[in-house]
Participant: 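Handing you a structure now.
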Amino acid sequence: MSVAQTPAARTRARSSARDLAQIAVFAALIAALTLPGAIPIGIGVPITLQTLGVMLAGAILGARKGALAVTVYVALGLAGLPILSSGAGGLGVLVGPTGGYLLGFILGAFVIGWLAERLTPRLRFWTLLVATSVGGILAVYLVGIPWLAAVTGMPVGAAIAAGSLPFLIGDAIKAIVAALVAAGVHRSWPGLIAEKSWPWRRERAASPADRPASLSTEATTTES
Amino acid sequence: MSEIVFEHVTHRYDGDDVLSDVSLRLTERRIGVIGANGSGKSTLARLVNGLVTPTSGRVLVDGLDVARRGREVRRRVGFVFTNPDNQIVMPTVREDVAFSLRRLSLDAADAAARVERALDRFGLTELADRPAHRLSGGQKQLLALAAVLVAEPAVIVADEPTTLLDARNTQLVERHIAELDEQLLLVTHRLEAVESFDRVLVVESGRIVADSRPDSALGVYRSLVG
Amino acid sequence: MIGAYRPGSSVLHRLGAGAKLVGLAPSVIVVALLPEWWMLLIALGVALLGFAVAAIPPRAVVVQLVPVLWILLIAAPLNALFSGWESALVMSLRITVCVALAALVTLTTRVSAILDAVRAGLRPFGRRVDSERVGIVLAMTIRAVPLMAEIVRAVLDARRARGAEGSLRAVAVPVVVRSLQTADAMGEALVARGFDD
């Protein structure tokens with residue numbers, strides 16, 4: 001950012017337009033990465049990189065903007081643009097067996113961003129890998145698999161098998177790639193994610209349970 | 001004509017002076033700004049509508065301080081960027097032109113008429129319902145111009161509007177820019193484009209090294225690039 | 001980007017997007033509650049009748065359904081194994097009907113009409129959600145999809161030209177950095193074009 005002393009009002013207007021643009025651009029990036037065969041990987045099998053895009057949105061933009069970017073992407077897909085995986089689009093995806101994954105993506109990006117905000121400024125590969133795995137795999141499956149079980153009437157055990165095994169290896173690779181990429185981007189472009197602190201690191205004087213979550217940031221800045 | 005005033009303007013970025021102590025009073029109708037890459041000419045352009053604010057000093061457009069009253073200033077000063085792809089924010093040609101009017105609270109019929117006039121002026125009527133990404137580079141820049149002009153600004157600042165275009169599209173866009181009636185501040189490295197202008201500034205390392213009629217200013221610039 | 005929409009002039013095409021979206025929700029719930037396979041078969045007949053009324057070519061219907069329903073190939077045998085063939089049949093029919101009804105809405109409604117309806121639906125929540133900004137973000141995203149696809153393609157081409165294919169990371173870092181630069185430039189353009197509140 002420029003060191004120019006800009007009046008507060010203008011700086012805020014500027015950053016909100018920038019936020020809006022970042023949300024739109026990352027929603028579009030997920031769509032572009034999902035287009036079939038967007039990126040040929042080494043083994044020669046064209047795969048879509050939808051989940052990579054979702055993970056990157058959270059890991060690069062943080063919880064709020066990342067989740068909003070994924071929400072915009074999902075909303076446009078449900079509205080009928082052929083940008084969901086395998087060129088699908090439309091409301092059918094939502095009411096189908098895999099609809100839960102779409103909602104899981106939103107939660108996943110939020111969780112990744114939430115973790116990344118608390119890992120800042122130590123955004124290294126290993127810490128980011130924890131975030132992309134917990135958010136991009138665990139959180140996504142946590143919504144997607146029960147949905148699959150409920151819609152198809154499969155027992156949960158079978159749903160876990162059917163709903164995670166086909167994707168697990170690919171998603172694990174994408175979590176690694178997303179962590180590598182995010183670490184690289186944060187190194188070359190610092191300051192993308194605002195630092196936040198862990199919920200348990202609160203000011204001792206106040207009883208933590210009574211505090212609204214929104215106050216936790218200012219309460220803990222002294223500790224970091 | 002609007003009056004654009006720089007009062008001892010310095011802009012610093014990452015500890016370096018991009019512009020240092022620039023004072024100017026611009027009232028001419030067609031003003032060219034030329035200089036090498038990184039000379040500070042693009043920052044000079046952005047200062048005029050408040051996209052960049054001075055680290056010290058003031059920029060005034062018709063007496064309005066750009067840093068304090070950016071919104072009013074941007075209503076008077078339209079900005080054309082180098083890369084139209086980043087300036088076009090709506091999916092189709094007509095929607096993008098209409099986007100510029102959303103803050104002006106016009107009634108729908110009036111707004112639609114203005115959009116059609118702007119499209120017609122730049123030969124875009126036939127393309128009005130096309131997705132923006134299907135246009136050629138030159139057409140995109142004309143769309144950017146139409147979307148700026150539809151809001152009827154008093155001044156147009158264009159920051160190297162032809163740099164990314166091929167020769168034919170450069171001519172097309174420059175012809176349209178030459179036909180503008182509005183006051184114009186054109187940042188460019190194409191000397192031909194400013195030969196007939198009323199005033200030409202040469203920027204070098206953050207300073208104005210020449211400021212005069214085109215012939216002598218261009219002479220200074222030629223000797224600089226040697 | 002026109003999406004899955006199939007132009008037409010049928011009753012279903014002319015029905016408002018909001019009405020179709022509002023009507024879809026209870027229809028899906030009712031279908032989900034139908035207990036017998038023959039009831040679901042009737043419901044499927046109704047959905048297919050809808051496609052006929054809207055004059056949607058069968059291929060377009062298949063294109064909509066297959067990417068969603070392929071997982072039934074796994075789910076149906078599993079379901080049959082645990083709960084018997086009748087349960088598997090009911091489940092498969094139920095999902096097919098729900099997806100078909102949703103596809104019917106998608107195929108007969110323009111993307112822009114759906115987005116307008118969603119924005120109108122958000123208006124009562126004006127305090128929490130600025131429906132105008134939602135509209136801008138959605139439109140900007142549609143505008144940005146070809147830009148991002150172009151960035152991905154350009155970075156891939158540049159790598160190929162240097163003969164260094166392979167590492168996904170070496171492709172993705174420049175893609176993300178360029179996306180961020182594009183976002184900054186678009187944000188700047190939004191401000192220059194009068195968007196600042």
Side-chain angles (χ1 to χ4, degrees), chain A residues 10 13-14 16-29 31-33 35 38-39 41-42 52 56 60 68 72-73 75-76 79-98 148 151-155 158 162 177 180-182 184-185 188-189 192, chain C residues 1 3-5 24 28 64-65 67-69 71-72 74-75 78-79 82-83 87 91 95 98-100 102-103 105-107 109 111 114-115 118 133 136-138 140-142 144-145 147-149 152 156 166 168-169 171-173 175-177 179-180 182-184 186-187 190-191 195-197:
Chain A
R10 258 215 60 248
R14 214 26 211 297
S16 92
R18 187 187 192 222
D19 289 351
L20 229 55
Q22 284 182 339
I23 291 166
V25 160
F26 269 77
L29 180 62
L33 288 175
L35 297 175
I39 292 189
I41 57 166
L52 180 66
L56 285 173
I60 303 289
L68 283 173
V72 167
Y73 161 73
L76 287 174
L81 292 186
I83 55 175
L84 304 178
S85 72
S86 62
L91 292 158
V93 185
L94 184 64
V95 302
T98 53
L148 179 69
V151 171
T152 59
M154 273 192 259
V177 173
L180 276 169
V181 171
V185 171
S188 63
W189 193 308
L192 281 168
Chain C
M1 301 202 94
Y5 173 70
L24 179 63
V28 165
Q64 276 290 297
L65 300 192
V68 185
L69 297 180
I71 203 160
L72 288 179
I74 304 173
L78 275 172
N79 191 296
F82 289 104
S83 326
S87 156
M91 180 273 294
I95 293 173
C98 287
V99 173
V105 173
T106 298
L107 287 165
T109 319
V111 172
I114 291 184
L115 296 178
V118 169
R133 303 181 98 203
I136 291 175
V137 173
L138 291 171
M140 271 176 82
T141 304
I142 295 175
V145 171
L147 288 185
M148 295 300 109
V152 171
L156 283 173
L168 204 49
R169 177 196 174 195
V171 174
V173 173
V175 165
V176 173
V177 169
S179 305
L180 287 166
T182 303
D184 271 7
M186 281 182 116
L190 278 180
V191 174
F195 176 93
D196 40 1
D197 45 341

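Chain identifiers are assigned alphabetically (A, B, ...) following the order of the sequence lines, protein sequences preceding nucleic acid strands; residue numbering begins at 1 within each chain.
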Participant: For T109(C), what residues pass the side chain to side chain donor-acceptor pair (under 3.5 Å) criterion, not counting sequence neighbours?
Facilitator: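 K20(C).
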Participant: Please classify the contact between F26(A) and chain C as side chain, backbone, both or neither, with a heavy-atom cut-off of under 4.5 Å.
Facilitator: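 The side chain, not the backbone.
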Participant: How close do S179(C) and V25(A) get, counting heavy atoms only, and between which atoms?
Facilitator: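 Scanning both residues, the minimum pair turns out to be O-CG1, 3.4 Å.
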Participant: Below 4.5 Å, heavy-atom pairs only: which of L65(C), I136(C), L190(C) has the largest tally toward chain A?
Facilitator: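 Looking at each option in turn, the highest pair count goes to L190(C).
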Participant: Can you see which heavy atom on G153(A) is nearest to which on M91(C), and at what distance?
Facilitator: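 The pair with the smallest heavy-atom distance is N-CG, 4.3 Å.
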Participant: Go through the atoms of L29(A) and report whether side chain, backbone, both or neither lie under 4.5 Å from a heavy atom of chain C.
Facilitator: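 Contact with chain C is through both the backbone and side chain of L29(A).
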Participant: Is it the side chain or the backbone of L78(C) that comes within 4.5 Å of chain A heavy atoms, both, or neither?
Facilitator: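 The side chain, not the backbone.
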Participant: Where on L56(A) is there a heavy atom nearer than 4.5 Å to chain C: the side chain, the backbone, both, or neither?
Facilitator: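 The side chain, not the backbone.
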Participant: Would you say L115(C) and L76(A) make side-chain contact, with heavy atoms under 4.5 Å?
Facilitator: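 They are in side-chain contact.
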Participant: Which residue out of S188(A), A79(A), A182(A), G90(A) racks up the most heavy-atom pairs below 4.5 Å with chain C?
Facilitator: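 Most pairs with chain C among the choices: A79(A).
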Participant: Go through the atoms of L180(C) and report whether side chain, backbone, both or neither lie under 4.5 Å from a heavy atom of chain A.
Facilitator: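 For L180(C), backbone and side chain are both near chain A.
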Participant: Where is the tightest heavy-atom contact between V111(C) and G80(A), given as atom of each residue plus distance?
Facilitator: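 Nearest heavy atoms, V111(C) then G80(A): CG2-C, 4.0 Å.
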Participant: Heavy-atom distance under 4.5 Å to chain A: side chain of V177(C), backbone, both or neither?
Facilitator: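 Both parts, heavy atoms under 4.5 Å.
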Participant: Heavy-atom distance under 4.5 Å to chain A: side chain of V118(C), backbone, both or neither?
Facilitator: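 Looking at V118(C), nothing touches chain A.
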Participant: Please look at V137(C) and chain A and tell me whether the side chain, the backbone, both or neither of the residue comes under 4.5 angstrom of a heavy atom of that chain.
Facilitator: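 Backbone plus side chain of V137(C), per the 4.5 Å heavy-atom cut-off to chain A.
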Participant: Does T106(C) reach the main-chain N or O of L91(A) with its side chain, forming a donor-acceptor pair under 3.5 Å?
Facilitator: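 Yes; at least one donor-acceptor contact below 3.5 Å.
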Participant: Let me know if T98(A) has heavy atoms under 4.5 Å from chain C in its side chain, its backbone, both or neither.
Facilitator: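 Contact with chain C is through the side chain of T98(A) alone.
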Participant: Please look at L68(A) and chain C and tell me whether the side chain, the backbone, both or neither of the residue comes under 4.5 angstrom of a heavy atom of that chain.
Facilitator: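 Neither part; nothing is under 4.5 Å.
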Participant: Who passes side chain to side chain donor-acceptor pair (under 3.5 Å) against S83(C), sequence neighbours left out?
Facilitator: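 Listed in chain order: nothing, the list is empty.
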Participant: Which residue out of V95(A), L94(A), L192(A), T152(A) racks up the most heavy-atom pairs below 4.5 Å with chain C?
Facilitator: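 Of the candidates given, the most pairs with chain C belong to T152(A).
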